[in-house]
Number of protein chains: 2
Amino acid sequence: MTPSESHTPQEMMIRKLESIFALTSEEEQALISLPIQIKFLETNRNIVTVGDQPSHCCLIVEGFTCVHKLSVEGKRQIIAFHVPGDIPDLQSLHLQVLDINISSITRCKLGFIKHTDLHQLCEQHPRLTPALWRETLVHASIFREWLLNNGQRSAYSRVAHLICEFMLRLKAVGLVDDTTFTMPVTQAELADATGITPVHANRVLQALRSDGLISTSRQQITIPDWHEIQLAGEFDPLYLHLKEEAIT
Amino acid sequence: MTPSESHTPQEMMIRKLESIFALTSEEEQALISLPIQIKFLETNRNIVTVGDQPSHCCLIVEGFTCVHKLSVEGKRQIIAFHVPGDIPDLQSLHLQVLDINISSITRCKLGFIKHTDLHQLCEQHPRLTPALWRETLVHASIFREWLLNNGQRSAYSRVAHLICEFMLRLKAVGLVDDTTFTMPVTQAELADATGITPVHANRVLQALRSDGLISTSRQQITIPDWHEIQLAGEFDPLYLHLKEEAIT
DNA sequence: CGAAAAATTGAACCATATCAACTTTTGTGG
DNA sequence: CCACAAAAGTTGATATGGTTCAATTTTTCG
């Protein structure tokens, strides 16, 4: 884990919500006193699965997770990646039965928040309801963009687009160091997210590297020219619905 | 327009919400007195487009619409189809700037509802907030299933899956006659929704017909064997989050 | 009835898949 | 800190589901 990640669960959650919604200091205080139960998880473990009826929401404090669904033939579609500050199953507040699997793709520090506590929080601070609702709506917007990405763009553009998204979402929670960030996604996971094969994902990454759009070392990605990769990925951050200051 | 569609906007909205949420009669009354402004629209007209900041939500009363996004190269991905009772831009309640286009794919009767009226309604009837929130969550769930569908299934299965979804969603609002329903989607639109070409969509439909999974006449689709087409489309209705009685 | 939209057909082509090694990196236990 | 097994990444050759292009036919609708 990088040093920058030594934050409380509540701080990460606030930081994330702040990137899409203006919280008052009173609301921040309420969030700070929200009871959150910490758990640590190894890589590639299920957090919740299809059919579960969770009584808690799961906040990513450190590490990364993905949401995925399986076809009958066992093919996996990754629907979303989640970064620190995200609450991948916030939907379970109002949809009793889960229709997705959520798994860790790195070691994770997770914070579990009781539905009842969240409901109570929203009652006491009525502006938090639209804040959380908005959070679920932003994630829905990301699904839509992924549909466009996977449906209409070349494999090359898809991967470039995904890298751009990762960059901005990490930046929003302070996890980007200038032009470099950690993207601990294997090529197999990248493939399952973009609807291509791992072999082709490998070839696309090589092309992106040799075209100078990214340089990689371990799981660190550096983007030398933000404008260029945006162009290659047809990336327009509107769909992330970030506040102005989080986009630059 | 078919005779079964002679309902007020409020009735269609209630019918739809009832399929995913149990409303009290008091809440139904409140919905019935919601002010809704009716407009009629021709086929293939934009209702709202990317960048708009709507002050109203749009309820489909009669007809069908689609949500779509365009790639830089002008390719269109259809993200969703909407049927009577749906509110395709309900998200605009909490996301100021629209990231999608919404267009009619048939002649439509639309009902426009002021954001302020919806907010007021939710304040006066606090259980309606989770009801509407849930509605947006169900649509997000459909996006996820479409990602799986378009990413991991064959063209044949994708189309079968989409037909299954249409059937259940129309059934939920009473627009299915036994095994037959209206699906006024051109092959070009079907192609843009499933991420294939119109030519291939045509061939897939022919295959589905010759395999006896569907029979068509005009825009009427008949499904002789629900079990068979579900199998072909790997269709499991869980993701629609319908109440029990709406699934059978 | 006539024009435009939608559906259909055939044939060549290609972006990506598939398969089957092989190499490099990573993480773990001794 | 080393060894070594498992995971991840890479390569080359071959295959294919779906695309593309360019007609032609059928349907829809004013």
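Convention: sequence-line order gives letters A, B, ...; per-chain numbering from 1. Side chains included, hydrogens not; waters and symmetry mates left out as well; all remaining heavy atoms used.
In this structure, the nucleotide among C:dT28, D:dG18, C:dT8 sitting nearest to the side chain of A:R107 is C:dT28. Checking D:dG18, C:dT18, C:dT9 against the side-chain heavy atoms of B:Q206 singles out C:dT9 as nearest. In this structure, of D:dT10, C:dA7, D:dT20, it is D:dT20 that holds the atom nearest to the side chain of B:T197.
Atom CG of B:L190 is separated from atom P of C:dT8 by 12 Å (rounded to the nearest Å). Regarding B:Q152, its CD atom lies at a distance of 12 Å from the C1' atom of C:dA17, rounded to whole Å. Put simply, CD on B:E73 is 13 Å from P on C:dA15, counting in whole angstrom units. Between B:N44 atom CG and D:dC29 atom P there is a gap of 12 Å when expressed in whole angstrom units. Going from atom CG of B:L205 over to atom C1' of D:dT26 covers 16 Å, rounded to whole Å. Atom CG in B:L208 sits about 16 Å away from atom C1' in C:dA7, given to the nearest Å. Here the P atom of nucleotide D:dT28 and the CD atom of B:E42 are 17 Å apart, to the nearest Å. Distance A:M183 CE to D:dA8 C1': 15 Å, rounded to the nearest Å.
Contact check, A:Q187 against D:dA7: no side-chain N or O comes under 4.0 Å of OP1 or OP2. Between A:N202 and D:dT10 there is a side-chain polar atom (N or O) within less than 4.0 angstrom of OP1 or OP2. Regarding contacts with the backbone of C:dT25, every side-chain N or O of A:Q219 stays at 4.0 angstrom or more from both OP1 and OP2.
Under the salt bridge (charged side-chain N to carboxylate O under 4.0 Å, His left out) criterion, A:D192 pairs with A:R76, sequence neighbours left out.
Nearest-nucleotide mapping onto DNA chain D: of B:R158 and A:A188, the residue sitting toward the 5' end is A:A188. Projected onto DNA chain C by closest heavy-atom contact, A:K75 and B:T43 fall at different nucleotides, the more 5' of which corresponds to B:T43.
Counted by atom type alone, B:R144 and A:Q91 present one or more donor-acceptor pairs between their side chains at under 3.5 Å. A side-chain N or O of A:H7 and one of A:R15 form a donor-acceptor pair less than 3.5 Å apart.
By the 4.0 Å N-to-carboxylate-O rule, A:E73 lies too far from B:R153 to be salt-bridged with it. Ion pairing between B:R158 and B:E145 fails under the 4.0 Å rule for side-chain N and carboxylate O.
Across the helix from C:dC1-D:dG30 to C:dG30-D:dC1, the helix axis at one end is tilted relative to the axis at the other end by 60° (nearest 10 degrees, each axis from five pairs).
In terms of polar N and O atoms assigned as donor or acceptor, the side chain of B:R203 comes within less than 3.5 Å of the base of C:dG10 in a complementary pairing.
Considering A:F235, A:Y156, A:W146 in turn, A:F235 is the only one that fulfils the ring-ring contact (aromatic ring centres under 6.0 Å, His included) rule with A:H161.
In this structure a side-chain-to-backbone donor-acceptor pair under 3.5 Å is missing from A:D211 to A:L208.
Counting any heavy atom pair closer than 4.0 Å across all strands shown, A:R218 reaches sugar-phosphate atoms only and no base atom. Note on B:T186: only backbone sugar-phosphate atoms sit closer than 4.0 angstrom, heavy atoms only; bases stay farther off.
Using a 30° and 60° split on the angle between ring planes, A:F166 and A:F181 fall in the parallel class, below 30°.
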